[in-house]
*Asks:* 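So that we are looking at the same thing, I have put the structure below in structure tokens.
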Amino acid sequence: MRAKYVPILLAVIVLFVFGCDKPTKYGEKKMSIKKQAFGKTVDGKDVDLYTLTNANGLKTEIMTYGGIVRTLEVPDRDGNLGDIVLGYDSLDEYIENNPYFGALVGRYGNRIAKGKFTLDGVEYTLATNNGPNHLHGGVKGFDKVVWGAEPMEDETSVGLKLTYRSYDGEEGYPGNLKCTVIYTLTNDNELKVSYEAETDKATVINLTHHSYFNLAGHGSGDILAHELMLTADNFTPVDEGLIPTGEIKAARGTLMDFTRPTPIGSRIAQVKGGYDHNYVLNSSDGSLALAASVYEPRSGRVMEIFTTEPAIQFYSGNFLDGSNKGKVEHHVGYPTVGTVYNKHNGFCLETQHFPDSPNKANFPSVVLKPGEKYTHLTVHKFSAK
Ligand code: GLA
């Protein structure tokens, strides 16, 4: 080779090694999706765990059991990944005692009073599993079934398509219901959850996702310093059994007001039992709109939630009581308080229709008829500041 070409060749090599092929800040070069066996259910069904990684190194593990998001690692303001969802190490722990950590919830997220409703003149009786009421789909809701799974990938995202066929009469609901939920992790650092369902008989439906978040990292104590903003001027007050009274009440200027960013803990002591309320979103035309924004000051992590749904349940982890011993591994970077999850150690923001809608004529309808398609899209967008 002529000597004059040597510097050019060297430059090309240097560019290739240190330029094009340079690992990103988070140590990953490419998006990927991997599958591993994760055990068996009590009735012998195989459960798989899929690990989705985007081009920036954000990572989530999703189980076919309950469509559960077991881990979700996102960067803080210094680029350190932290696992920001509560969860367990093993499948058995999820099977034994899971307060819906990371789970898909269906057929009906939240409560239906006394487990009863009437549709087209027929009264239906659902499984009751929360005192006299029906909660989150009943005794064996969508959080406890094994979903079919198919990995997906395009130029800008990796995804997992989950499918479940719920039979006519399951937990008391009418109609065979075909459900598809697609989790997508995009290179814009979003976790999207997209739901679709069809029925062969008129029924009611309200699917949601039930991750408990702690943006400082799971196991780093309570979530009271997180600043929460909800694009909701109104909420639906509840009775002692957490069933909506039917009223739609203004939140502004009350203890329930999150129209401006407010630390979750600033007024929680005055809210009996803590927050466990359905907020009515200001945008209600079914288009994708900002519903919530959460900022955690220590890590700088921000989560924004966009949804097509009319409401969001804000639950401040009031029933966590130390009986759930969480995942051992940490990628947090903050003092770890311990992974026994105590009261207010995580919060949920469940995009949804209003609780007990089948019994409240003034609430938006949750009826799905044959020939119609139920759709719901929620996007969790992660950043740091
Ligand atoms: C929802 C409900 C809460 C509670 C949790 C699960 O957020 O609104 O009352 O049942 O789920 O523990």
Side-chain angles (χ1 to χ4, degrees), residues 66-69 85-88 93-115 126-144 171 193 206-214 218 222-223 226 228 230 232 235-245 256 258 264 268 271-281 291-292 294 305 307 309-326 341-360 363 366 378:
I68 289 172
V69 171
V85 291
L86 277 56
Y88 292 124
E93 290 163 293
Y94 281 100
I95 292 174
E96 277 154 31
N97 176 24
N98 183 18
Y100 306 94
F101 288 153
L104 291 178
V105 174
R107 292 188 187 190
Y108 200 95
N110 216 284
R111 293 171 179 80
I112 296 178
K114 310 272 189 297
L126 305 173
T128 50
N129 58 328
N130 189 247
N133 303 320
H134 175 88
L135 173 69
H136 291 334
V139 175
K140 190 174 180 186
F142 290 1
D143 59 299
K144 296 181 187 69
E171 299 297 307
V193 197
N206 182 29
L207 305 181
T208 189
H209 172 81
H210 207 298
S211 271
Y212 287 66
F213 297 97
N214 184 331
H218 83 98
D222 70 56
I223 46 81
H226 286 58
L228 171 68
L230 298 172
F235 72 105
T236 52
V238 284
D239 66 18
E240 312 77 62
L242 298 176
I243 300 293
T245 59
M256 306 300 293
F258 284 97
I264 291 175
I268 200 167
V271 180
K272 201 168 158 240
Y275 294 99
D276 195 353
H277 293 85
N278 173 66
Y279 280 81
V280 179
L281 295 170
V294 195
I305 299 181
T307 190
E309 289 295 278
I312 195 162
Q313 183 83 12
F314 169 43
Y315 170 59
S316 52
N318 313 327
F319 301 125
L320 295 174
D321 60 2
S323 58
N324 312 102
K325 203 186 153 302
Y341 302 132
N342 289 303
K343 192 171 181 176
H344 306 321
N345 280 193
F347 66 90
C348 305
L349 286 167
E350 304 147 66
T351 51
Q352 61 181 10
H353 268 257
F354 306 2
D356 203 31
S357 297
N359 296 306
K360 300 282 190 303
F363 288 178
V366 288
T378 292

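We count ligands from 1, going down the list as the structure has it; atoms in each ligand are counted the same way.
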*Asks:* Centroid separation under 6.0 Å, is that true for the rings of Phe347 and His226?
*Replies:*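 His226 vs Phe347: aromatic centres under 6.0 Å.
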*Asks:* If you count the atoms of ligand 1 from 1 in the order shown, which ones are under 4.0 Å from a heavy atom of Tyr100?
*Replies:*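 Selected atoms, number and element: 6 (C).
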*Asks:* Would you call the rings of Tyr279 and Phe314 parallel, tilted or perpendicular, taking 30° and 60° as the class edges?
*Replies:*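 Tyr279 and Phe314: tilted rings.
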*Asks:* Mind checking whether Thr128 and Lys114 have side chains closer than 4.5 Å, heavy atoms only?
*Replies:*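 Counting from C-beta outward, Thr128 and Lys114 never come under 4.5 Å.
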*Asks:* Check each atom of ligand 1 against the heavy atoms of Phe319 and keep those under 4.0 Å away; list them by number with element.
*Replies:*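 Result: 4 (C), 9 (O).
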*Asks:* Under the ring pair (Phe, Tyr, Trp, His ring centres under 6.0 Å) criterion, do His134 and Tyr108 qualify, and how do the steps go?
*Replies:* CA-CA 9 Å; His134 175 88; Tyr108 200 95; 7.6 Å; no
*Asks:* Assess whether ring pair (Phe, Tyr, Trp, His ring centres under 6.0 Å) is satisfied between Phe101 and Tyr341, documenting all intermediate values.
*Replies:* CA-CA 11 Å; Phe101 288 153; Tyr341 302 132; 5.5 Å; yes
*Asks:* Name the closest protein heavy atom to atom 1 (C) of ligand 1, giving the residue it belongs to and the distance to 0.1 Å.
*Replies:*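 Closest protein heavy atom to atom 1 (C) of ligand 1: His136 NE2, 3.2 Å.
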*Asks:* So, for Ala103 and Asp143, which heavy atoms are closest and what is the spacing to 0.1 Å?
*Replies:*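 For Ala103 versus Asp143, the nearest heavy atoms are CB-CB, 3.5 Å.
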*Asks:* Distance check, rounded to the nearest 0.5 Å: Leu320 atom CG versus Tyr315 atom OH?
*Replies:*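 It is 5.0 Å, given to the nearest 0.5 Å.
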*Asks:* Which residue and atom name correspond to the protein heavy atom nearest atom 5 (C) of ligand 1, and how close is it?
*Replies:*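 Nearest neighbour among protein heavy atoms for atom 5 (C) of ligand 1, to 0.1 Å: His210 NE2, 3.6 Å.
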*Asks:* Under a 4.0 angstrom heavy-atom cut-off, which atoms of ligand 1 come close to Tyr212?
*Replies:*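 Checking each atom against Tyr212, I get 6 (C), 12 (O).
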*Asks:* List ligand 1 atoms under 4.0 Å from Leu135, heavy atoms only on the residue side.
*Replies:*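 Numbered from 1, ligand 1 contributes 10 (O).
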*Asks:* For atom 7 (O) of ligand 1, what's the nearest protein heavy atom and its distance?
*Replies:*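 Here the nearest protein heavy atom works out to Glu350 OE2, 2.8 Å.
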*Asks:* Run the numbers for me: atoms of ligand 1, each under 4.0 Å from some heavy atom of Leu242, listed by number.
*Replies:*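 Those qualifying, in numeric order: 9 (O).
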*Asks:* Quick test: of every protein heavy atom, which one is nearest to atom 3 (C) of ligand 1, and how far off is it to 0.1 Å?
*Replies:*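 Nearest neighbour among protein heavy atoms for atom 3 (C) of ligand 1, to 0.1 Å: Asp276 OD2, 3.0 Å.
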